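Bear in mind the structure is a predicted one, so any value in this text is a computation, not a measurement.
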Amino acid sequence: MRTIILTLTIFFVGCNQKSNDIEDVEIMTYYRDFDSNSNFIFRVIDYSIIQENGDAKSINYRHFDNQDKFIKYKVNQKILNEISIKTRNLNDNYFVLKDKDFANEIFCGLNVYTRYRIRFENRESITFVHLNRKLKTKKYSDFLKLKQEFEVNKSKGYKIANQDTLNLIRQAEIFKVFANSFKDSLLYPVRPQEVKPVKNITSANSCYPL
């Protein structure tokens, strides 16, 4: 009888344990450019917030017609579980881009950045910026899957009610201030001043003159 009770106790405790300790994940994709006065512009492309159960809400900013798109969708729970497990003993420094992370390429467009922040229930949050360049490192693969979930659902996600839209806008504005407070993305050039054929491209500057 004791064996049965112990087995049932272990079973129910195991079932009630959360598969991850993530509170939420915020993702903002943006680029920096210059205005006519040579001042930096921080322009957001999209923002997403994902809860621990996979519920996600996103804004797709349509600057060309000001018809921003608000959607909600579901993220694969397995991705969040993987992130929770793999980041257990990691911090921000692990995710900082290094020269060795870049693959050689000729890249002459605007750099597009994606700022991630993962908040956990019982440990410090992790935040880092990812760059849309050809990288050799695989350490961002699980986070890129979250971004892919947004891209897949961008055209078919469910529309968000007006009140939720206002809340999402406020969350995005707060996170924009947070993302813009980091200067790590300024380590990389904003755009090419002059494009020339280049041989033996180095990792971080591509065809940009530094």
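Minimum interatomic distance between Ser125 and Phe120 (heavy atoms only, all atoms of both residues): CA-CD1, 4.2 Å. The shortest non-hydrogen separation linking Tyr116 to Phe143 is OH-O, 3.3 Å. In plain terms, the two heavy atoms of Lys139 and Phe95 that are nearest each other are O-CE2, 3.7 Å. Nearest heavy atom pair, residue Ala179 against residue Met28, reads CB-SD, 4.4 Å. Taking all atoms of both residues into account, the shortest heavy-atom contact from Val96 to Tyr140 is C-OH, 4.0 Å. Of all heavy-atom pairs spanning Asn53 and Lys74, the tightest one is O-NZ, 3.2 Å.
Separation of atoms OH (Tyr30) and CG (Asp46) is listed at 12.0 Å; rounding is to 0.5 Å. Residue Glu52 holds its CD atom at 9.0 Å from CG of Leu80, rounded to the nearest 0.5 Å. Of the inter-residue distances, the one linking Ile71 atom CD1 with Leu168 atom CG reads 10.0 Å to the nearest 0.5 angstrom. Interatomic distance, OG of Ser48 versus NZ of Lys147, reported as 6.5 Å (0.5 Å rounding). The CD1 atom of Ile118 sits 7.5 Å away from atom CD1 of Ile22, with the distance rounded to the nearest 0.5 Å. Taken to the nearest 0.5 Å, the CD1 atom of Ile59 stands 10.5 Å off from the CD1 atom of Ile49.
Scanning for side-chain hydrogen bond (donor to acceptor under 3.5 Å, both in side chains) contacts around Asn76 gives an empty result, with sequence neighbours left out. Every residue two or more places apart in sequence or in another chain was checked for a salt bridge (Lys or Arg N to Asp or Glu O under 4.0 Å) with Lys78, and none qualifies.
A 4.5 Å side-chain heavy-atom check between Arg43 and Tyr61 finds every atom pair outside the cut-off.
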### Task
I would like to know whether Asp92 and Phe128 meet side-chain contact (heavy atoms from CB on, under 4.5 Å); could you show each step before the answer?
CA-CA 6 Å; Asp92 296 357; Phe128 61 90; 5.8 Å; no
### Message
Please evaluate residues Val25 and Ile83 with respect to the criterion side-chain contact (heavy atoms from CB on, under 4.5 Å), reporting the C-alpha separation (whole Å), side-chain torsions for both, the decisive distance (0.1 Å), and the verdict.
### Response
CA-CA 10 Å; Val25 180; Ile83 290 174; 5.7 Å; no
### Message
As a quick check of understanding, evaluate side-chain contact (heavy atoms from CB on, under 4.5 Å) for Asp21 and Arg88, giving each step before the final call.
### Response
CA-CA 10 Å; Asp21 65 342; Arg88 192 79 60 178; 3.6 Å; yes
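A cation-pi arrangement is present between Arg115 and Phe182, with the terminal nitrogen or guanidinium carbon under 6.0 Å from the aromatic centre and inside a 45° cone about the axis.
Side chains of Thr87 and Tyr94: a donor-acceptor N/O pair is absent below 3.5 angstrom, by distance only.
Within 6.0 Å of the CD atom in Glu124, the count of heavy atoms belonging to other residues, nucleotides or ligands does not exceed 12.
The salt bridge (charged side-chain N to carboxylate O under 4.0 Å, His left out) pairs that include a residue from residues 163-179 are Lys57-Asp164, where partners are two or more places apart or lie in different chains.
Note on Phe70: it does not cluster hydrophobically with Ile174, by side-chain heavy-atom contacts below 4.5 Å among ILVMFWY residues. Note on Val44: it does not cluster hydrophobically with Leu166, by side-chain heavy-atom contacts below 4.5 Å among ILVMFWY residues.
A distance-only check finds no donor-acceptor pair linking the side chain of Arg119 to the backbone of Glu23 [under 3.5 Å]. Judged by distance alone, the side chain of Asn132 and the main-chain N or O of Val112 form a donor-acceptor pair under 3.5 Å.
Of the residues Ile79, Ile50, Leu144, the one that meets the side-chain contact (heavy atoms from CB on, under 4.5 Å) test with Glu149 is Ile79.
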